[in-house]
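I'd like to ask some things about the structure below.
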Amino acid sequence: MTTFPTSDMGEPHTQEHLLLGKGNKGRAVATLEPMALAHSSAFTMQWRTCYSFYTPAGVDVFFSQTERRLDALLHPDYTDEEIRREVRNFGIAGGTGGEALRLEEKGTVYNGMVSSMDQPVYRIYRAANAMVYGPGHPLSYNSGGSPEALARIAAGRHPQVPPRQLPPREYMGMIASPPRAADSEATLARMNALLNRVEPVRSRRAASAEKDLPPRPAPAGAINLVDYPHRNDQQPGAVWLAWPAERRLDSTEKALLELFLHNVAGDPTTNLYKRLIDSKTRETDLGAKSVFASVSEDVGNPVLVGFGDVPAARMNERELGDLRARVRDELRRIAAWPAGSAELAAFNARLASRIVQTRRQLSKFVNTPPTFGFRGGSSDWLTQLHELNQSGSFRKSLTFKPQIAAVEKLLAADGNPGPDTLRAGSCSMRSRGCWPPDPNRT
């Protein structure tokens, strides 16, 4: 379900806890699950909430479980008191063996987020999103709920998550894996009838889509130092360099950008590892022990280059500014390599090997069970299909064959695409600047 947060009070996360477990409908789903031999899981992402389940009890049970779950998701009947108890409330503890009574904070959502916000990676992720998207943007809010915002919940002030805030039906999707022997036409017809029973009247409510969410980023060059709790005030931390969310990448462009970033930052063969991490080849010791890079699937496809285990003593604006300058300089250096140069040939040879590795990973992915309903399951299939949807063709390859072929064709051509993209400074492979990202806008 598309669940853009509307505040830091964790409405999407709260819905995840309530919809399939509270109210008469939610409790019925939970009670019948063991009898259906079903297992389920759910997790809240930044702007989506995923609910998954599986059952080995046959197709009839699968459809029965699907219908019950969809009905509970679309037409919940939980109460305000159930919201309060699940999110945050106070209980009395102690009192045994002469122990003094004490008030104790309770609530699964609140306690879970207190634990999450202790983690440095969660804090830096939240800070990075706030800088990339700006205040008041749905992707800058804490979809899980910040402890500070959840702590404001008191009697009569629970988070406003009534059914009317559920996403419109146009912003829901399903990935189903029926048995191999199931007839495709019959399965689709049965699913169509199920959906019409659950929601006979199609909703026409409007809602925000990705294209309707313009970012308001922090000023270029802004530096934010993020604290996190630890017993040692000299504990090393992470440094992330973020590029603005200003790209509109199709699946081919995103594939190319990901390959480029993995070639620049990551394992010991990458440019930034050799220049800033490897003790034998680094030009200066900035204290970092690892480096990575990624491009987000979120609106605007922000780009991230990150360093791990940076000493606390290096966490100051002067040294962080120096680190950023060296990363930008490396991108400029790559973009300046002339066609036919040894450096460009070696870079592209490494990129070609990553393409082979990507092909193998995608082949393994589509031939591996999806683990729907398993605890610790991922959103990999959702992400895969979301990225495929960015391509305009009707027929799509689950292993991105056309996209990978397009990247190989680009590499086989003469010249270095880097300079054109840096000068363009906006967002596509040739004219909008995604390969590599503009080093001047970190």
Side-chain angles (χ1 to χ4, degrees), residues 46 120-121 124-125 127-129 131-132 217 220-221 223 237-247 249 251-278 281-283 286-298 300-310 320-335 337 343-344 346-355 357-358 361 383 387 403-404 407 410-411 416-418 421-422 425 427-429 432-442:
Q46 179 57 35
V121 67
I124 195 173
Y125 169 77
N129 265 22
M131 294 182 74
V132 167
I223 294 177
V239 173
W240 290 5
L241 308 179
W243 277 259
E246 58 184 11
R247 294 161 198 80
L249 306 180
S251 53
T252 301
E253 292 167 342
K254 188 166 183 290
L256 176 62
L257 180 54
E258 286 177 334
L259 286 164
F260 173 83
L261 291 172
H262 294 162
N263 222 33
V264 170
D267 62 50
T269 68
T270 59
N271 297 58
L272 288 176
Y273 189 96
K274 290 181 177 179
R275 182 167 178 173
L276 299 172
I277 308 295
D278 192 331
T281 57
R282 65 192 178 198
E283 60 190 31
L286 298 172
K289 298 294 189 295
S290 61
V291 61
F292 73 93
S294 65
V295 54
S296 172
E297 63 162 327
D298 291 345
N301 300 116
V303 170
L304 195 71
V305 172
F307 295 86
D309 295 315
V310 178
L320 294 179
D322 178 61
L323 176 59
R324 178 175 55 198
R326 293 175 189 275
V327 171
R328 291 164 56 179
D329 180 67
E330 183 62 19
L331 292 176
R332 290 194 192 95
R333 191 176 72 89
I334 294 171
W337 286 335
E343 296 95 335
L344 181 60
F347 185 88
N348 286 346
R350 287 193 291 114
L351 201 60
S353 69
R354 294 185 192 280
I355 293 176
Q357 182 182 19
T358 298
Q361 290 172 341
T383 301
E387 291 186 8
Q403 290 84 351
I404 293 177
V407 172
L410 179 66
L411 290 180
N416 181 350
T421 57
L422 281 172
C427 313
S428 92
M429 197 156 52
R432 290 177 292 165
C434 75
W435 196 70
D438 185 347
N440 296 309
R441 295 181 57 79
T442 322

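Being a predicted model, the structure only gives us computed values, none of them experimental. Hydrogens, waters and symmetry mates play no part in the numbers below; they use all other heavy atoms, side chains included.
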Spacing of Phe292 atom CZ and Leu304 atom CG [to the nearest 0.5 Å]: 4.5 Å
Partner set under salt bridge (Lys or Arg N to Asp or Glu O under 4.0 Å) for Asp322, not counting sequence neighbours: Arg326
Any non-hydrogen side-chain atom of Asn348 less than 4.5 Å from a side-chain atom of Trp337? no
Are Tyr125 and Val121 packed together at the side-chain level, in the sense that at least one heavy-atom pair is separated by less than 4.5 angstrom? no
Is there a side-chain contact (heavy atoms from CB on, under 4.5 Å) between Leu241 and Arg328 once you walk through the steps? CA-CA 10 Å; Leu241 308 179; Arg328 291 164 56 179; over 6 Å; no
Could you grab the distance from atom CG of Leu259 to atom CD of Gln403, nearest 0.5 Å is fine? 11.5 Å
With under 30° as parallel and over 60° as perpendicular, where do the rings of Phe347 and Phe260 fit, or are they tilted in between? tilted
When rounded to the nearest 0.5 Å, the distance separating OG1 of Thr358 from CD of Glu258 is 8.5 Å
With side-chain contact (heavy atoms from CB on, under 4.5 Å) as the test, would you mind laying out the steps for Val295 and Glu253 before giving the verdict? CA-CA 11 Å; Val295 54; Glu253 292 167 342; over 6 Å; no
Could you state the interatomic distance from CD (Glu283) to CG (Leu276), rounded to the nearest 0.5 Å? 6.0 Å
Decide, yes or no, whether a salt bridge links Arg275 with Asp329 under the criterion of side-chain N to carboxylate O below 4.0 Å. yes
Supply the atom-to-atom distance Leu261 CG to Leu256 CG, rounded to the nearest 0.5 angstrom. 9.5 Å
Gap separating the CG atom of Leu351 from the NE2 atom of His262, nearest 0.5 angstrom: 11.0 Å
One pair to check against side-chain contact (heavy atoms from CB on, under 4.5 Å): Val305 and Glu330. What are the steps and the verdict? CA-CA 12 Å; Val305 172; Glu330 183 62 19; over 6 Å; no
I'd like to know whether Val239 forms a side-chain contact (heavy atoms from CB on, under 4.5 Å) with Leu286, so could you lay out the CA-CA distance, the side-chain angles of the two residues, the decisive distance to 0.1 Å, and finally the verdict. CA-CA 11 Å; Val239 173; Leu286 298 172; over 6 Å; no
